[in-house]
2 protein chains.
Amino acid sequence: MPTGNKKKNQLVPEPALRRMPCYLSYLKLAQKEGMKHISSTFIARDMGVDPTQVTKDLSYTSIVGKTRVGYEVEPLIEELESFLGFTVVDEAYLFGVGSLGTALLHDHGLKQFGLKVIAAFDVNPEVVGKTIEGVPIYHIDEFKNKNRTGAIIGILTVPVGNSQEVTSIMVEGGIKAIWNFTPVTIKVDDDIVVQNTSLYAHLAVMFNRLKVKSSSSK
Amino acid sequence: MPTGNKKKNQLVPEPALRRMPCYLSYLKLAQKEGMKHISSTFIARDMGVDPTQVTKDLSYTSIVGKTRVGYEVEPLIEELESFLGFTVVDEAYLFGVGSLGTALLHDHGLKQFGLKVIAAFDVNPEVVGKTIEGVPIYHIDEFKNKNRTGAIIGILTVPVGNSQEVTSIMVEGGIKAIWNFTPVTIKVDDDIVVQNTSLYAHLAVMFNRLKVKSSSSK
DNA sequence: TCTAATTAAAGAATATATTCTTTATTAAAA
DNA sequence: TTTTAATAAAGAATATATTCTTTAATTAGA
Ligand SMILES: NC(=O)c1ccc[n+]([C@@H]2O[C@H](COP(=O)([O-])OP(=O)(O)OC[C@H]3O[C@@H](n4cnc5c(N)ncnc54)[C@H](O)[C@@H]3O)[C@@H](O)[C@H]2O)c1
Ligand SMILES: NC(=O)c1ccc[n+]([C@@H]2O[C@H](COP(=O)([O-])OP(=O)(O)OC[C@H]3O[C@@H](n4cnc5c(N)ncnc54)[C@H](O)[C@@H]3O)[C@@H](O)[C@H]2O)c1
């Protein structure tokens with residue numbers, strides 16, 4: 001029996017996946033304004049994208065639109081949230097409670113998007129033993145010794161020089177997906193999912209576009 | 001006279017720009033280990049990418065490699081940093097001093113990558129008037145009234161519902177580039193650069209890849 | 001000095017993603 | 001009831017990005 005995922009085992013393109021949370025935010029605002037139905041044409045105009053891209057993106061989910069009417073807002077929101085994995089809250093461990101790690105621990109938004117940090121690990125005696133927003137911080141050795149069960153998602157926010165070392169510890173401890181906030185390309189086996197989120201990479205893109213714009217307008 | 005940017009006015013592909021900071025991190029680690037030269041073959045093997053992609057990416061900068069030797073590490077680092085705009089520190093304003101905004105203010109890393117927040121704006125009386133890491137926090141009305149000069153880069157970390165409103169205020173106040181951390185697609189004129197950095201989008205991609213992996217291994 | 005191996009770089013081929021075109025549907029208007 | 005306009009969806013065409021292939025350079029070794 002098929003697992004229900006529309007038609008094929010094919011990978012959903014990453015660009016499409018990245019756009020979906022944008023649609024979601026947009027739809028939630030539209031819902032607040034009382035809209036019951038919404039068409040791809042309308043979404044596209046409002047968001048400044050191509051209308052056929054909207055329908056193609058949404059076609060990866062199991063939602064179907066209605067000709068001349070568009071999509072029903074509420075079911076679309078529900079389907080998108082569940083498709084994106086935001087309805088089930090996954091547990092995660094966080095590695096490296098520095099400035100960025102602390103910020104993520106303080107963030108209340110993540111839980112709404114399906115991620116809950118249940119423990120954090122560091123080596124710094126100043127943070128080990130403490131608690132941030134109810135999340136206990138242990139020494140990384142505690143993870144090595146005990147945590148072979150539990151969360152399979154790990155958030156990596158350690159310094160650049162320790163990235164690979166901590167990655168190995170994470171994988172040995174049973175982590176299957178790594179949300180990597182360091183600008184380092186970490187090496188793992190094929191069965192581990194790595195999601196790179198380097199803020200500096202985005203900064204580089206922004207600087208470049210700004211440079212191009214300002215030199216072309218001169 | 002040409003402005004010096006290698007050969008063409010063509011845009012550097014965003015995927016290439018996003019990979020460059022990864023090369024940079026890698027090269028800095030290699031430099032620490034005393035390497036003077038490094039080849040694309042070597043970089044590629046270490047980082048798990050295609051060697052020709054490395055040379056193609058680096059060809060957008062003005063660096064040239066040497067046959068049978070590779071690139072000189074130090075000049076390559078310098079060229080990458082300057083190409084990416086990390087050597088000149090640009091000033092920026094931050095809008096929305098909530099959990100994410102505060103985290104960014106506490107971050108010491110950004111300055112190394114060419115961005116320095118010189119002031120922040122909010123509406124919450126609990127934060128307005130305070131200072132975080134030396135950065136003063138003003139009421140957003142102060143920006144409307146006075147700040148027509150100064151930084152042209154703005155960091156947007158306000159709630160979803162206020163994104164568009166604050167965006168307009170930013171643009172009216174002279175902001176030319178917006179680093180948008182909200183999951184909302186903000187609308188601006190063509191001459192404004194928008195860099196979207198929604199953490200939730202990355203989370204969505206990670207969840208999807210994890211789901212695909214776990215269902216294919218069963 | 002000559003040969004072999006390694007490499008950067010350019011361009012071709014392939015793969016991927018986006019946009020355009022066509023078709024069929026259907027709600028609303030005539 | 002019939003016509004019209006708006007739309008989703010599928011597939012084709014185009015654009016973009018990645019990977020493969022070839023070429024020329026040049027260092028190191030014979
Ligand atoms: N701070 C930011 O806003 C920001 C932005 C973009 C990227 N980053 C990247 O995120 C990473 C963390 O940045 P940061 O500014 O939070 O650094 P940080 O130095 O403030 O924090 C790093 C933390 O990791 C801990 N650590 C070191 N070795 C460890 C180990 N072996 N096991 C467990 N924990 C260990 C340190 O004790 C420290 O608490 C860096 O790679 C940085 O490049 C940070
Ligand atoms: N917190 C996170 O880690 C995180 C992660 C990903 C994305 N985001 C996004 O970033 C944005 C901010 O998230 P947050 O968790 O920091 O929210 P938050 O509610 O903690 O902070 C928002 C801040 O914006 C201020 N604000 C509200 N209206 C304003 C206005 N008109 N002008 C200026 N300031 C105003 C608020 O007073 C508050 O201080 C949201 O859009 C969220 O979706 C946050």
Side-chain angles (χ1 to χ4, degrees), chain A residues 6-20 22-23 27 30 35-73 75-76 79-80 185 196 201 204-205 208-209 212, chain B residues 6-20 22-23 27 30 35-73 75-76 79-80 185 196 201 204-205 208-209 212:
Chain A
K6 204 147 197 209
K7 50 182 81 150
K8 50 211 162 182
N9 241 4
Q10 219 175 314
L11 227 54
V12 179
E14 183 163 332
L17 282 172
R18 276 211 294 254
R19 281 187 295 265
M20 287 184 192
C22 299
Y23 298 138
L27 291 166
M35 296 191 73
K36 298 286 179 227
H37 292 86
I38 199 159
S39 73
S40 63
T41 326
F42 200 89
I43 298 175
R45 195 166 359 178
D46 253 18
M47 293 181 56
V49 295
D50 191 279
T52 57
Q53 180 153 82
V54 177
T55 53
K56 190 147 283 185
D57 287 347
L58 295 181
S59 76
Y60 294 111
T61 72
S62 61
I63 208 81
V64 283
K66 232 175 158 183
T67 302
R68 233 198 111 97
V69 175
Y71 305 91
E72 280 185 84
V73 175
L76 181 52
E79 167 60 18
L80 265 178
T185 307
N196 295 307
V205 176
N208 181 270
R209 299 317 187 209
V212 171
Chain B
K6 206 151 194 207
K7 50 182 81 149
K8 49 213 161 179
N9 242 2
Q10 219 174 313
L11 226 55
V12 179
E14 183 162 332
L17 281 173
R18 276 210 295 254
R19 282 188 294 266
M20 287 185 192
C22 300
Y23 298 137
L27 291 165
M35 296 191 72
K36 298 285 179 229
H37 291 87
I38 200 159
S39 73
S40 63
T41 326
F42 200 90
I43 299 174
R45 194 165 1 178
D46 253 17
M47 292 182 56
V49 296
D50 192 278
T52 57
Q53 181 153 83
V54 177
T55 52
K56 192 148 280 187
D57 286 347
L58 296 182
S59 76
Y60 294 110
T61 72
S62 60
I63 207 83
V64 284
K66 234 175 158 182
T67 303
R68 231 196 114 98
V69 175
Y71 304 91
E72 279 185 84
V73 175
L76 181 51
E79 166 60 18
L80 265 178
T185 308
N196 295 307
V205 176
N208 181 269
R209 298 319 187 209
V212 171

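The shown structure was predicted, so the numbers you read here are calculated from the model rather than taken from an experiment.
Rounding to whole angstrom units, CG of residue A/Leu17 and P of C/dT16 are separated by 15 Å. One atom, NE2 of B/His37, and another, P of D/dA28, lie 10 Å apart when rounded to the nearest Å. Taking atom CD of A/Gln53 as the reference point, atom P of D/dT16 lies 13 Å away to the nearest angstrom. When rounded to the nearest whole Å, the span between CE of B/Met47 and P of D/dT18 equals 13 Å. For A/Asp50 and D/dT14, the CG to C1' distance is 13 Å, given to the nearest whole Å. Per the geometry, CD belonging to A/Glu72 stands 16 Å off P belonging to D/dT7, to the nearest Å. Atom CD1 in B/Ile43 sits roughly 12 Å away from atom C1' in C/dT7 (whole-Å rounding). For B/Asp57 and C/dA8, the CG to P distance is 13 Å, given to the nearest whole Å.
Taking only side-chain atoms of B/Pro15, from C-beta outward, the nucleotide of D/dT19, D/dA17, C/dT19 with the closest atom is D/dA17. You'll find that the side chain of A/Lys56 is closest to C/dT19, out of C/dT19, D/dA17, D/dC20.
The side chain of A/Thr67 places no N or O atom within less than 4.0 Å of a non-bridging phosphate oxygen (OP1 or OP2) of D/dA6. A close approach under 4.0 Å does occur between a side-chain nitrogen or oxygen of A/Tyr71 and OP1 or OP2 of D/dA9. Contact annotation: B/Arg19 reaches the phosphate of D/dT18 (side-chain N/O to OP1 or OP2, under 4.0 Å). Contact annotation: B/Thr41 reaches the phosphate of C/dT7 (side-chain N/O to OP1 or OP2, under 4.0 Å). Taking only side-chain nitrogens and oxygens, A/Arg68 never comes nearer than 4.0 Å to OP1 or OP2 of C/dA29. Listed pair B/Ser40 / C/dA8 meets the phosphate criterion, a side-chain N or O lying under 4.0 Å from OP1 or OP2.
Counting any heavy atom pair closer than 4.0 Å across all strands shown, A/Ser39 reaches sugar-phosphate atoms only and no base atom. Within 4.0 Å of B/Lys66, counting heavy atoms only, lie sugar-phosphate atoms of the nucleic acid but no base atom.
Here the straight-line distance linking atom CZ of B/Arg19 with atom OH of B/Tyr60 works out to 8.5 Å at 0.5 Å rounding. Taken to the nearest 0.5 Å, the NZ atom of B/Lys56 stands 7.0 Å off from the OG atom of B/Ser59.
A 4.5 Å side-chain heavy-atom check between A/Met35 and A/Leu27 finds every atom pair outside the cut-off. The side-chain heavy atoms of A/Val49 and B/Thr185, taken from C-beta on, include no pair separated by under 4.5 Å.
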Using the rule given for side chain to side chain contact (heavy atoms under 4.5 Å, CB included), can you reason through A/Leu11 versus B/Arg209, listing the C-alpha separation, both sets of side-chain angles and the distance that settles it, and then say yes or no?
CA-CA 8 Å; A/Leu11 227 54; B/Arg209 298 319 187 209; 3.3 Å; yes

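Residues A/Val69 and B/Ile38 both approach DNA chain C. Their nearest nucleotides, taken by heavy-atom distance, put B/Ile38 toward the 5′ side. Across the interface with DNA chain C, nearest-nucleotide mapping of B/Gly65 and A/Glu14 shows B/Gly65 to be the residue nearer the 5′ end.
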